[in-house]
S.K.: 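Here it is: the structure, laid out below.
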Amino acid sequence: MKIPEGLSWVRRTPAGREWLAALPRWRDECVRQWSLRLGPTFPYAFASLATAVELPDGTPAVLKLQYPDHDSVHEADALAHWAGDGAVRLLAHDPHRRALLVERCHPGTPLYDLPPDEALDVVAGLLPRLWRPAGHPFTPLAEEAAGWMDRLPQKWQRAGRPYERRLLDAALGRLAELVGTQGEQVLVNQDLHAGNVLRAGREPWLVIDPKPLAGEREFAVAPIVRGPELGHSPEAVRRRLDRITGALGLDRERVLGWTIGQTLAWSLDGDTLFPNQVEVVRWLVDAA
């Protein structure tokens, strides 16, 4: 079985190599368990192996085998919670293998194929439908953010202080102000960027690949603000921030704070620095 190049990073650890070695067997077991007809593997992958399949009645679907990371552990729960309203439907779930069988989007083109302002209108229409009251089993945003605050200084030191101390201080200060003052707790998606919204047939656009938390609405805007898919420049980032918060009547300062905090927390993964994310934080801190 050919493994997409985007998954090559998992070979760096024993756990990753073990997961890769198990994939062919797990895929074949899922095919038998759900009586699937196997199609091609999707070439773009970073945290899961996704393969086109058909159900016994010919319905197209996607078989997804997740890398066992923390952020996506409740993806199936989120899809079940949304029940197909604005997101792909969950058709089956095998927790042992971290396997999901989900609705396939057709034609499946990503939201970033649209002009940026049109894409932002789509996001503004989808987000309120996804904000359903949520609690267990979803990790609280307050708990997740406390982990970011705890780990950020250590990761920054271990990585050789790869960005200015003022950015670290700004992120920690913002997060400390936000964690204990949140509004209503709803289902929010840590990774709703313009590559994770696909054109579909059942609805014009559907969300895929959620990394869910239970938190306030303002947090849910951070991924679309920081994502480079709709333009990577100070002007593009600020426009997304202003347009989405204005369209949805959100507190701009809280959206700004969550974006700074989460983006910096996600800018370091082990020894790997994501400079685009650091740039976003720098632009937002400088303009604040």
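Note that the coordinates shown come from a computational prediction; the quantities given were computed from them, not determined experimentally.
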S.K.: When you measure from the side chain of Arg132 to the backbone N and O of Leu187, does any donor-acceptor pair fall under 3.5 Å?
M.R.: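 Answer holds: no.
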S.K.: Distance-only, no hydrogens or angles: does the His232 side chain make a donor-acceptor pair with backbone N or O of Val237 under 3.5 Å?
M.R.: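 A pair under 3.5 Å: no.
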S.K.: Does Trp131 share a hydrophobic cluster with Val88, counting links as ILVMFWY side-chain heavy atoms below 4.5 Å and allowing steps through other members?
M.R.: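 Yes, Trp131 connects to Val88 through the hydrophobic network.
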S.K.: Using the rule that Ile, Leu, Val, Met, Phe, Trp and Tyr join whenever any side-chain heavy atoms are under 4.5 Å apart, tell me whether Ile208 and Leu101 fall into a single cluster.
M.R.: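 In one cluster with Ile208: Leu101, no.
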S.K.: Around Phe42, counting heavy atoms of other residues, nucleotides and ligands shown, do more than 12 lie under 6.0 Å from its CZ?
M.R.: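 Atom CZ in Phe42 is packed in, count exceeds 12.
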S.K.: Between Asp271 and Arg158, is there a side-chain N and carboxylate O pair less than 4.0 Å apart?
M.R.: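 Salt bridge absent between Asp271 and Arg158.
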S.K.: Please find the pair of heavy atoms, one from Val281 and one from Leu264, that lie closest to each other, and give the distance.
M.R.: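 It is CG2-N, 3.7 Å.
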S.K.: Contact between Pro128 and Leu248 at the side-chain level, heavy atoms closer than 4.5 Å - yes or no?
M.R.: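 Yes, close enough: below the 4.5 Å cut-off.
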S.K.: Counting C-beta onward and ignoring hydrogens, is there a side-chain heavy-atom pair between Val123 and Ile244 closer than 4.5 Å?
M.R.: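 Heavy-atom side-chain distance check passes, below 4.5 Å.
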S.K.: Do Asp94 and Arg97 sit within salt-bridge range, that is, some charged N less than 4.0 Å from a carboxylate O?
M.R.: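 Arg97 and Asp94: salt-bridged.
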S.K.: Do Val188 and Val186 have side chains that approach each other closer than 4.5 Å (heavy atoms only, starting at C-beta)?
M.R.: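 Of all side-chain heavy-atom pairs linking Val186 with Val188, at least one is under 4.5 Å.
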S.K.: Judged by atom type as modelled, is there a donor-acceptor pair below 3.5 Å linking the side chain of Thr259 to the main-chain atoms of Val255?
M.R.: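 Judged by distance alone, yes, a pair lies under 3.5 Å.
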S.K.: Would you say the side chain of Glu103 lies within less than 4.5 Å of the side chain of Val62, judging by non-hydrogen atoms?
M.R.: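 No, their side chains stay 4.5 Å or more apart.
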S.K.: Does this structure show an ion pair linking Lys211 with Asp69, if we count only N-O contacts that are shorter than 4.0 Å?
M.R.: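 So Lys211 does not pair with Asp69 through a salt bridge.
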S.K.: Other residues, nucleotides and ligands only: do more than 12 of their heavy atoms fall within 6.0 Å of NE2 on His106?
M.R.: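 Atom NE2 in His106 is not packed in, count stays at 12 or less.
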S.K.: With the 4.5 Å side-chain cut-off for hydrophobic clustering, are Leu65 and Leu36 part of the same group?
M.R.: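 No, separate clusters.
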S.K.: Could you walk me through whether Trp9 and Tyr67 pass the ring-ring contact (aromatic ring centres under 6.0 Å, His included) test, one step at a time?
M.R.: CA-CA 11 Å; Trp9 65 273; Tyr67 182 75; 5.2 Å; yes
S.K.: For the CD atom on Glu164, are there more than 12 heavy atoms of other groups (residues, nucleotides or ligands in this structure) within a distance under 6.0 Å?
M.R.: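 Above 12, so yes.
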S.K.: Is the shortest side-chain heavy-atom distance between Leu49 and Thr41 below 4.5 Å?
M.R.: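 Yes. Closest side-chain heavy atoms under 4.5 Å.
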S.K.: Can you say whether the rings of Phe138 and His74 are parallel (under 30°), tilted (30 to 60°) or perpendicular (over 60°)?
M.R.: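 Phe138 vs His74 ring planes: perpendicular.
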S.K.: Any donor and acceptor pair, going by atom type alone, linking the side chain of Trp205 with main-chain N or O of Leu111 inside 3.5 Å?
M.R.: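 Here the side-chain-to-backbone pair does not exist.
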S.K.: Could you tell me the separation between the CG atom of Leu114 and the CG atom of Asp121, rounded to the nearest 0.5 Å?
M.R.: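 Here the rounded value is 9.5 Å.
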S.K.: Let me confirm one number: the CH2-CD distance from Trp34 to Glu29, rounded to the nearest 0.5 Å.
M.R.: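 Between Trp34 CH2 and Glu29 CD, I get 11.0 Å after rounding to 0.5 Å.
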S.K.: Measure the spacing between OG of Ser233 and CZ of Arg238 and express it to the nearest 0.5 Å.
M.R.: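 If I round to the nearest 0.5 Å, the distance is 8.0 Å.
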S.K.: Shortest non-hydrogen contact from Ala200 to Leu206?
M.R.: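 Scanning both residues completely, I find the closest heavy atoms to be CB-CD1, 3.6 Å.
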S.K.: Less than 4.5 Å apart, side chain to side chain, heavy atoms only: is that true for Trp258 and Arg174?
M.R.: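 With C-beta onward as the side chain, the pair stays apart.
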S.K.: Is any NZ, NE, NH1 or NH2 atom of the basic residue among Asp113 and Arg199 found under 4.0 Å from an Asp or Glu carboxylate oxygen of the other?
M.R.: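 Answer for the salt bridge query: no.
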S.K.: Side chain to side chain donor-acceptor pair (under 3.5 Å) between Arg98 and Ser72: does it pass, once the steps are laid out?
M.R.: CA-CA 10 Å; Arg98 289 287 292 265; Ser72 62; 3.1 Å; yes
S.K.: Rounded to the nearest 0.5 Å, how far does CG of Leu63 lie from CG of Leu38?
M.R.: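 If we round to the nearest 0.5 Å, Leu38:CG and Leu63:CG are 7.5 Å apart.
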S.K.: Give the minimum heavy-atom separation between Ala222 and Gln262, together with the two atoms involved.
M.R.: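 Answer, listing the atom of Ala222 first, then Gln262: CB-OE1, 3.8 Å.
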S.K.: Looking only at heavy atoms, what is the nearest atom pair of Gly125 and Arg129, with distance?
M.R.: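 The answer is O-CD, 3.6 Å.
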S.K.: Counting C-beta onward and ignoring hydrogens, is there a side-chain heavy-atom pair between Pro4 and Phe46 closer than 4.5 Å?
M.R.: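 No, side chains not in contact.
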S.K.: Quick check: do Val102 and Arg89 have side-chain heavy atoms less than 4.5 Å from each other?
M.R.: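 In short, these two side chains do not touch, never coming nearer than 4.5 Å.
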S.K.: In terms of heavy-atom contacts, does CD of Gln33 have more than 12 from other residues, nucleotides or ligands at under 6.0 Å?
M.R.: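 Counting other residues, nucleotides and ligands, CD of Gln33 exceeds 12 neighbours.
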S.K.: Hey, quick one: are Leu241 and Val285 part of the same hydrophobic cluster, counting side-chain heavy atoms closer than 4.5 Å, chains of contacts allowed?
M.R.: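 Leu241 and Val285: one cluster.
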S.K.: Using 0.5 Å steps for rounding, measure from the CG atom of Asn276 to the OG1 atom of Thr263.
M.R.: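 Going from the CG atom of Asn276 to the OG1 atom of Thr263 covers 11.5 Å.
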S.K.: Using the side-chain hydrogen bond (donor to acceptor under 3.5 Å, both in side chains) rule, pick out the option among Gln185, Gln182, Arg254 that qualifies with Glu216.
M.R.: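 Testing Glu216 for a side-chain hydrogen bond (donor to acceptor under 3.5 Å, both in side chains) against Gln185, Gln182, Arg254 leaves exactly one candidate, Arg254.
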S.K.: Show your working on side chain to side chain donor-acceptor pair (under 3.5 Å) between Glu75 and Gln66 and close with a plain yes or no.
M.R.: CA-CA 10 Å; Glu75 177 175 338; Gln66 298 175 317; 2.7 Å; yes
S.K.: Verify, without hydrogens or angle tests, whether Arg226 (side chain) and Ile260 (backbone) share a donor-acceptor contact under 3.5 angstrom.
M.R.: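 Here the side-chain-to-backbone pair does not exist.
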S.K.: Judged by atom type as modelled, is there a donor-acceptor pair below 3.5 Å linking the side chain of Trp266 to the main-chain atoms of Phe274?
M.R.: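 Not confirmed, Trp266 side chain does not pair with Phe274 backbone.
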S.K.: What's the separation between atom CH2 in Trp82 and atom CG in Leu126, rounded to the nearest 0.5 Å?
M.R.: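 Rounded to the nearest 0.5 Å, the CH2-CG separation comes out at 10.0 Å.
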S.K.: Got a salt bridge between Asp150 and Lys155, using NZ or NE/NH1/NH2 to carboxylate O under 4.0 Å?
M.R.: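 No.
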S.K.: Can a salt bridge be assigned to the pair Arg32 and Asp28 using a cut-off of 4.0 Å between side-chain N and carboxylate O?
M.R.: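 Result for this pair is no, no salt bridge flagged.
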S.K.: Angle between ring planes, Trp156 versus Tyr163, binned at 30° and 60°: parallel, tilted or perpendicular?
M.R.: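 Tilted: the ring planes of Trp156 and Tyr163 meet at 30° to 60°.
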S.K.: Where the side chain of Asn196 meets the backbone of Val207, is there a donor-acceptor pair that is under 3.5 Å apart?
M.R.: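 Checking the backbone N and O of Val207 against the side chain of Asn196, no donor-acceptor pair under 3.5 Å is found.
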S.K.: Hey, quick one: are Val73 and Trp26 part of the same hydrophobic cluster, counting side-chain heavy atoms closer than 4.5 Å, chains of contacts allowed?
M.R.: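 Cluster IDs for Val73 and Trp26 differ.
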S.K.: Answer yes when Arg240 and Asp117 have at least one side-chain N-carboxylate O distance shorter than 4.0 Å, and no when they do not.
M.R.: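 No, no charged N to carboxylate O under 4.0 Å.
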S.K.: Is any NZ, NE, NH1 or NH2 atom of the basic residue among Glu54 and Arg104 found under 4.0 Å from an Asp or Glu carboxylate oxygen of the other?
M.R.: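 No, Glu54 and Arg104 are not salt-bridged.
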S.K.: What are the two closest heavy atoms between Ala214 and Ala134, and how far apart are they?
M.R.: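 Closest pair (atom of Ala214, atom of Ala134, distance): CB-O, 3.8 Å.
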